Amino acid sequence: MSGYPTIPCTACSYCMPCPYGVNIPGNFAYYNDAVNKKLLPLPDKSSKDYEKRLAEFRKGYKKAIDKKAWAAQCMDCEECLKKCPQQIRIPNQMERIVELL
């Protein structure tokens with residue numbers, strides 16, 4: 001699981017609103033919860049349960065996050081960067097989530 005470190009978001013919402021409608025804290029919360037519960041597939045795509053775990057992650061994501069607020073809506077405008085007290089590279093982290101989806 002070391003291939004999937006959590007994102008240090010405290011859900012302060014200072015980054016919000018996103019001009020493109022991304023629910024930044026919600027996306028990070030879902031991702032972090034999946035990491036902490038070991039629900040993400042291992043980074044090794046050849047592992048026997050990779051596809052099953054990935055499908056479960058995607059299914060849960062679609063239930064947890066409104067489609068209009070998905071990570072894929074991030075346009076890397078960087079408006080959120082100057083607002084984040086944790087100095088999270090938010091667009092980079094959104095891209096990590098998109099790669100799983």
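Hydrogens, waters and symmetry mates play no part in the numbers below; they use all other heavy atoms, side chains included. Numbers here simply count residues along the sequence, with the first being 1. All of these numbers come straight from a predicted model, not from anything done at the bench.
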Side chain to side chain donor-acceptor pair (under 3.5 Å): which pairs involve residues 60-86, sequence neighbours left out? Thr10-Gln86, Asn27-Tyr61
Rounded to the nearest 0.5 Å, the CD1 atom of Ile88 sits from the SG atom of Cys9 at a distance of 5.0 Å
Using the ring pair (Phe, Tyr, Trp, His ring centres under 6.0 Å) rule, collect all pairs that involve residues 75-101, keeping only residues at least two apart or in two chains. none
Candidate pair Phe57 and Leu100, rule side chain to side chain contact (heavy atoms under 4.5 Å, CB included), full reasoning: CA-CA 8 Å; Phe57 175 81; Leu100 287 166; 3.8 Å; yes
Nearest 0.5 Å, please: how far is NZ in Lys38 from CG in Asn36? 7.5 Å
With sequence neighbours left out, the residues meeting salt bridge (charged side-chain N to carboxylate O under 4.0 Å, His left out) with Glu56 are Lys52
Give the other cluster members for Val98, using side-chain heavy-atom distances under 4.5 Å between Ile, Leu, Val, Met, Phe, Trp and Tyr residues; answer none if it is isolated. none
Closest approach of Tyr30 and Ala64, non-hydrogen atoms and distance? CD1-CB, 3.7 Å
Side-chain heavy-atom pair Cys80, Cys18 within 4.5 angstrom cut-off: no
I'd like to check the side chain to side chain contact (heavy atoms under 4.5 Å, CB included) partners of Cys74; sequence neighbours left out, ordered by chain and number. Val22, Pro91, Met94
What is the distance from atom CG of Leu54 to atom CG of Leu39, rounded to the nearest 0.5 Å? 12.0 Å
For Gln93, side-chain hydrogen bond (donor to acceptor under 3.5 Å, both in side chains) partners two or more places apart: Arg96
Nearest heavy-atom approach of Leu81 to Ile90 is CD2-N, 3.5 Å
Any chance you could lay out the side chain to side chain contact (heavy atoms under 4.5 Å, CB included) test for Leu40 and Arg53, step after step, and finish with the verdict? CA-CA 6 Å; Leu40 286 180; Arg53 292 175 90 177; over 6 Å; no
Considering only residues two or more places apart or on different chains, which pairs with a residue in residues 11-20 satisfy side chain to side chain donor-acceptor pair (under 3.5 Å)? none
Show every ring pair (Phe, Tyr, Trp, His ring centres under 6.0 Å) that has at least one partner inside residues 75-101, sequence neighbours left out. none
Decide whether Met75 and Met16 are clustered together by the hydrophobic rule: side chain heavy atoms of Ile, Leu, Val, Met, Phe, Trp, Tyr closer than 4.5 Å, transitively. no
If you compare all heavy atoms of Ala11 against all heavy atoms of Pro25, which two are closest, and at what distance to 0.1 Å? CA-CB, 4.2 Å
Can you list every pair that meets salt bridge (Lys or Arg N to Asp or Glu O under 4.0 Å) and has a residue in residues 23-37, with sequence neighbours left out? Asp33-Lys37
